[in-house]
Amino acid sequence: MNLEKYRAVIGLEVHAQLDTRAKFFCPEAVVYGAEPNTCISPVSLGYPGALPSINAACIDLAIKMGLATDCQIAESCHFARKNYFYPDLPKGYQITQDQTPICFGGKLEIRLKNGETKTIGITRIHLEEDAGKSLHDQDPFDTLVDLNRAGVGLIEIVSEPDIACAEEAAAYLTEIRKLVRYLGVCDGNMEEGSLRCDANISVMLKDATEFGTRVEVKNMNSISNVARAINYEIERQIQIVESGGKVQKETRTWDAATGKTFSMRDKESAADYRYFPEPDLQPLRISQKQIESIRAATPELPESRYRRYVGEWGLTDFDATVITERREFSDYFEAATLSGANKKAVANWMTGVVRAYLNETATDVAAFPIAPQTLGKVVEMVESGKINLNTAKEKLFVHLLERPDDDPEAVAVANDWLSVRDPEAERAQVRAVLDAHAEKVQQYRNGKTGLLGFFVGQAMKNLGAKADPKEINRIVTELLQS
Ligand code: ADP
Ligand code: MG
């Protein structure tokens with residue numbers, strides 16, 4: 001198969017469940033995992049005569065996401081009914097937006113593994129309500145319906161077909177998930193379905209001028225599954241075209257177990273849905289004042305933090321990527337640097353021991369026991385040579401996890417963990433190491449500078465954990481140059 005002849009065209013539709021207490025058009029709260037059919041009301045059940053009323057918090061969250069993705073915000077827009085029959089849609093229609101999305105014409109920058117960035121266009125962000133859930137695996141004979149989710153507010157973020165491969169799709173989704181979490185728009189949880197992605201995929205010859213027929217793939221519950229589904233689908237479509245066939249316009253479902261997509265149904269077209277303006281809701285008017293007050297309340301976005309960390313604070317791409325992944329983690333990092341601790345050193349702690357602890361214990365940074373100021377103090381103690389890095393990580397940090405209110409310096413003194421400086425002994429020890437490895441010293445002087453670590457390691461071994469490796473490093477370098 002000649003993959004080189006083709007290019008893929010991908011556009012993503014991302015649904016994000018809005019993190020509000022009440023549903024979009026009715027007052028009940030939804031708790032994930034609640035008993036089926038306990039978070040419902042006449043409105044969400046579609047009882048005759050029940051009328052919707054708009055939850056303003058949903059509107060604000062959509063605008064927030066629109067501003068964060070450089071969208072224009074509609075001055076006025078209205079809701080529409082999208083009609084279809086499905087057991088988990090009791091009203092027989094979904095309230096959504098058709099001709100007048102609340103946000104449109106935006107963009108999002110993604111960063112790729114090779115360090116390059118790419119801008120993906122955002123066609124529109126519109127508001128709609130979620131449907132209920134059909135449960136196919138709870139009863140041996142029947143499909144059961146849980147309507148807790150019916151009527152929950154959603155935004156649908158539709159991208160331009162600017163995405164060229166699975167890696168770009170994954171980077172785009174990662175960025176969207178980061179944004180909705182920073183903004184408090186959605187919890188971003190793909191496994192629980194609060195963030196869902198449909199991928200539209202087509203292939204075309206590289207020199208063709210028209211896009212190929214697109215297939216829509218649904219039911220991927222993680223970013224890596226979206227990437228896998230896209231790769232599978234690109235190959236499947238190229239195979240069809242190569243063997244002289246035609247790709248069908250259809251909706252397919254992803255099966256993670258087999259790693260394949262399967263046909264679900266023909267792709268509906270707009271006419272099937274018989275869209276018309278929702279008669280029970282007034283058009284929405286959005287004032288400049290409302291937009292400005294939402295803009296003012298928007299926190300610094302992850303991309304801006306990333307740039308600041310790399311550009312001004314000297315962090316690596318890896319540090320900045322890991323730290324800006326979650327807003328709370330990034331907030332913690334900044335708080336730990338406030339007292340003046342070296343930013344790169346704090347970053348190393350964050351991406352190293354702190355992250356390892358959070359992962360191992362499945363703890364959220366909000367529940368991390370050590371206060372950022374305390375961590376900042378520990379980092380400063382290491383930086384100033386008061387305590388050796390290993391002792392700080394393996395003893396002081398572990399102590400503080402258990403007793404976070406203790407003062408790190410006092411703990412180190414009480415346990416006799418502080419580095420002991422004995423400059424004469426240190427110099428003598430380094431000299432002894434260099435004398436004992438004359439051959440290696442020669443190699444070092446001939447350019448094998450990687451041996452520096454070896455000399456430091458040997459000296460540290462003899463001096464014990466209380467010596468400060470940074471100081472030993474300095475002495476070794478000095479003596480090697482003399
Ligand atoms: P629908 O609801 O019918 O799926 P939308 O407008 O909501 O339509 O979404 C269409 C998505 O498909 C967009 O993300 C768009 O970028 C993408 N798309 C359009 N044409 C193609 C194509 N030929 N190949 C791949 N993706 C496409
Ligand atoms: Mg679609």
Side-chain angles (χ1 to χ4, degrees), residues 11-27 29-30 52-82 94-110 119-130 151-160 172-189 194-197 277-278 280-305 327:
L12 299 183
E13 295 163 78
V14 177
H15 286 91
Q17 242 175 36
L18 297 171
D19 224 338
T20 49
R21 282 198 301 273
K23 291 183 180 178
F24 200 171
F25 303 112
C26 36
V30 187
S53 71
I54 294 176
N55 175 356
C58 294
I59 312 295
D60 287 356
L61 290 182
I63 296 174
K64 225 178 207 183
M65 190 61 186
L67 291 174
T69 49
D70 270 333
C71 282
Q72 279 174 265
I73 312 298
E75 274 172 36
S76 84
C77 59
H78 64 266
F79 292 96
R81 285 191 185 179
K82 180 178 181 178
Q94 176 192 26
I95 302 181
T96 179
Q97 295 192 298
D98 178 29
Q99 304 289 335
T100 58
I102 185 164
C103 314
F104 55 93
K107 61 180 192 309
L108 186 64
E109 194 159 285
I110 58 170
T119 302
I120 307 297
I122 306 259
T123 317
R124 56 190 275 159
I125 300 176
H126 64 257
L127 280 158
E128 59 190 25
E129 59 177 338
D130 212 342
V152 169
L154 295 177
I155 48 173
E156 176 172 343
I157 307 155
V158 181
S159 88
E160 289 290 307
Y172 172 85
L173 264 180
T174 305
E175 213 49 49
I176 293 270
R177 186 176 62 181
K178 222 191 279 181
L179 268 186
V180 294
R181 284 176 171 167
Y182 264 70
L183 298 172
V185 162
C186 167
D187 67 23
N189 193 325
S194 2
L195 191 73
R196 309 194 280 272
C197 171
E278 165 61 61
D280 290 339
L281 291 169
Q282 297 270 352
L284 272 182
R285 301 221 175 276
I286 298 157
S287 69
Q288 212 50 42
K289 198 167 145 236
Q290 184 181 0
I291 296 174
E292 286 320 314
S293 82
I294 293 170
R295 198 194 301 278
T298 300
E300 186 185 17
L301 299 181
E303 179 58 24
S304 155
R305 285 192 174 180
R327 178 171 160 197

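- Between atom CD of residue Gln288 and atom OG of residue Ser293 there is a gap of 11.0 Å, rounded to the nearest 0.5 Å.
- Taking OG1 of Thr100 as the start and CG of Leu127 as the end, the distance is 10.0 Å to the nearest 0.5 Å.
- Gln290 and Asp60 share a side-chain donor-acceptor pair at under 3.5 Å.
- Between Gly66 and Cys103, the closest heavy-atom pair is CA-SG, 3.7 Å.
- Looking at residues two or more places apart in sequence or on another chain, you find a ring pair (Phe, Tyr, Trp, His ring centres under 6.0 Å) between Phe24 and Phe79.
- When all heavy atoms of Ile102 and Ile63 are compared, the pair lying nearest together is CD1-CG1, 3.9 Å.
- Tyr182 is linked by a ring pair (Phe, Tyr, Trp, His ring centres under 6.0 Å) to nothing, counting only residues two or more places apart in sequence or in another chain.
- Taking CG from Leu183 and CD1 from Ile294, the interatomic distance works out to 11.0 Å, rounded to the nearest 0.5 Å.
- A distance of 11.0 Å separates CD1 in Ile120 from CD in Glu175, rounded to the nearest 0.5 Å.
- No side-chain donor-acceptor contact under 3.5 Å links Gln17 and Ser194.
- For the pair Gly188 and Arg181, the tightest heavy-atom approach, listed with the atom from each and the gap, is O-NH2, 3.4 Å.
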Where do Lys23 and Glu129 land on the side chain to side chain contact (heavy atoms under 4.5 Å, CB included) test, with the steps shown first?
-> CA-CA 8 Å; Lys23 291 183 180 178; Glu129 59 177 338; over 6 Å; no

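- Summarising the geometry, atom NZ belonging to Lys82 is positioned 13.5 Å from atom CD1 belonging to Ile95; distances are rounded to the nearest 0.5 Å.
- Between Gln97 atom CD and Leu284 atom CG the span is 7.0 Å, to the nearest 0.5 Å.
- A heavy-atom distance below 4.5 Å is not found between the side chains of Asp70 and Glu109.
- At distances below 3.5 Å, at least one donor-acceptor pair connects side-chain atoms of Thr123 with backbone N or O atoms of Glu160.
- Counting heavy atoms of neighbouring residues, nucleotides and ligands inside a 6.0 Å radius, atom CD of Glu75 does not exceed 12 of them.
- Annotation for Gly153 and Cys58: closest pair CA-SG, 4.4 Å, computed over non-hydrogen atoms.
- Taking a cutoff of 4.0 Å between a charged side-chain nitrogen and a carboxylate oxygen, Glu292 and Lys289 do not qualify as a salt bridge.
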